[in-house]
Amino acid sequence: MKRIATVIILAATMLVACGPSREERIEQIEDFEDSIFESAVAADENTADQLTALYTAFADKYPDDTLTPQFLFKAAEVQSNVLHTDEAVALYDRIINDYPDFEDLPICYFLKGIAYESDSQFEKARQAYQTFVDKYPDHYMADQTRKMIPLVGKSTEEMLDDILAAANDTIIAR
């Protein structure tokens with residue numbers, strides 16, 4: 001009896017370990033993306049989590065594949081869109097730490113700031129934006145990001161007050 005149970009467990013483990021092939025996983029991801037993006041309705045948390053699971057399963061199985069950082073990036077965006085800030089940031093950090101040559105690495109720092117800001121974690125947002133500017137001062141988004149940092153967490157009224165105060169200072173100085 002123990003021998004049969006051992007064989008069953010071993011067979012189940014092998015099936016799970018083998019799982020779908022790389023191409024089958026990519027096809028699953030593409031099919032799932034198509035089904036979501038064809039719909040005009042925004043993805044709900046459950047759908048976002050399912051798609052993220054597909055992306056991260058691929059990344060876990062094929063960490064050295066050229067598609068892996070792209071799939072992790074997409075997973076982070078999906079999680080950010082459903083306001084799962086911790087999950088999104090963890091995925092951006094995974095890219096930053098594991099894929100330093102990823103072409104969109106600078107954007108990961110910037111999008112971490114966006115994720116934090118949308119979750120009202122303003123100090124972390126400012127830190128992420130500042131890291132982006134410090135690491136990539138010549139990036140095409142760096143100048144705009146520098147200007148954004150002091151505005152993080154401010155209401156529209158506070159921003160307008162700052163603009164008017166700066167305009168008054170300029171007029172008085174002349």
Side-chain angles (χ1 to χ4, degrees), residues 12-149 152-153:
T13 303
M14 288 177 61
L15 283 174
V16 170
C18 295
S21 70
R22 177 185 181 277
E23 290 72 24
E24 290 170 331
R25 288 175 189 266
I26 292 169
E27 188 175 331
Q28 283 178 326
I29 290 169
E30 290 172 346
D31 289 346
F32 202 86
E33 286 174 337
D34 289 346
S35 71
I36 292 171
F37 300 129
E38 285 175 1
S39 164
V41 178
D44 62 11
E45 289 183 38
N46 186 44
T47 305
D49 290 344
Q50 288 175 30
L51 183 55
T52 298
L54 289 173
Y55 288 139
T56 56
F58 182 92
D60 293 343
K61 179 80 174 171
Y62 304 102
D64 297 326
D65 195 291
T66 57
L67 290 175
T68 293
Q70 294 171 17
F71 283 160
L72 291 172
F73 188 82
K74 287 181 176 184
E77 287 182 306
V78 166
Q79 290 299 304
S80 189
N81 287 337
V82 292
L83 303 178
H84 290 171
T85 302
D86 293 339
E87 293 85 350
V89 168
L91 288 160
Y92 287 128
D93 284 341
R94 182 173 173 184
I95 297 166
I96 290 166
N97 294 326
D98 296 349
Y99 303 95
D101 296 327
F102 179 51
E103 64 185 336
D104 288 326
L105 189 69
I107 302 301
C108 290
Y109 288 98
F110 180 81
L111 291 176
K112 276 178 60 173
I114 296 285
Y116 281 133
E117 194 170 1
S118 67
D119 196 36
S120 300
Q121 296 184 45
F122 301 124
E123 186 54 38
K124 288 182 178 182
R126 281 188 283 277
Q127 289 171 358
Y129 292 140
Q130 190 62 55
T131 301
F132 166 72
V133 169
D134 292 345
K135 285 186 168 287
Y136 306 98
D138 297 327
H139 191 275
Y140 72 93
M141 291 174 47
D143 286 337
Q144 284 300 94
T145 304
R146 275 186 204 90
K147 293 173 186 172
M148 282 175 47
I149 293 171
V152 171

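Just so it is clear, the structure is predicted and the values come from calculations on it, not from any experiment.
- The structure places CZ of R25 at 9.0 Å from CG of D60, a figure rounded to the nearest 0.5 Å.
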> When you look at R126 and E123, which way does the side-chain contact (heavy atoms from CB on, under 4.5 Å) test go after all the steps?
Replying inline: CA-CA 5 Å; R126 281 188 283 277; E123 186 54 38; 3.3 Å; yes
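- Considering only residues two or more places apart in sequence or on other chains, Y129 meets the ring pair (Phe, Tyr, Trp, His ring centres under 6.0 Å) condition with F110.
- Take E24 and apply the salt bridge (charged side-chain N to carboxylate O under 4.0 Å, His left out) test, not counting sequence neighbours, and it matches no residue.
- Here L91 contributes atom CG and F71 contributes atom CZ; the two are 13.5 Å apart, rounded to the nearest 0.5 Å.
- In terms of the side-chain contact (heavy atoms from CB on, under 4.5 Å) criterion, residue partners of D65 (sequence neighbours excluded) are, by chain and number, R22, F58, Y62, L67, T68.
- A59 approaches L72 most closely through the heavy-atom pair CB-CD2, 3.6 Å.
- Pairs passing the salt bridge (Lys or Arg N to Asp or Glu O under 4.0 Å) check and including a residue from residues 129-140, sequence neighbours excluded, do not occur.
- The shortest heavy-atom contact between A48 and V78 is CB-CG1, 3.3 Å.
- Classification of the H139-Y136 ring pair by plane angle, with boundaries at 30° and 60°, yields perpendicular.
- Atom OH of Y109 is separated from atom OG1 of T145 by 14.0 Å, given to the nearest 0.5 angstrom.
- Contact check for Q79 versus D49: side-chain heavy atoms found under the 4.5 Å cut-off.
- Counting only residues at least two apart or on different chains, the salt bridge (Lys or Arg N to Asp or Glu O under 4.0 Å) pairs with a member in residues 97-121 are D93-K112.
- In terms of heavy-atom proximity, F132 sits nearest to P106 at CD1-O, 3.2 Å.
- Pairing each heavy atom of A142 with each of P137, the nearest pair is CB-O, 3.4 Å.
- Within the structure, the salt bridge (Lys or Arg N to Asp or Glu O under 4.0 Å) test picks out the following pairs touching residues 66-86 (sequence neighbours left out): E33-K74.
- Note that OG1 of T52 and CD of E87 are 8.5 Å apart. Values are rounded to the nearest 0.5 Å.
- Residues meeting the ring pair (Phe, Tyr, Trp, His ring centres under 6.0 Å) test with Y99, sequence neighbours left out: none.
- Taking every heavy atom of both residues into account, F73 and C108 meet most closely at CD1-SG, 3.7 Å.
- Residue S118 comes nearest to L83 through the heavy atom pair OG-CD2, 3.8 Å, listed as atom of the first residue, atom of the second, then distance.
- Distance alone, capped at 3.5 Å, places no donor-acceptor pair between the R146 side chain and the V133 backbone.
- Remark: S80 pairs with A88, A115 by the side-chain contact (heavy atoms from CB on, under 4.5 Å) rule, at least two apart or across chains.
- Once rounded to the nearest 0.5 Å, the distance linking CG of L51 with OG1 of T56 reads 9.5 Å.
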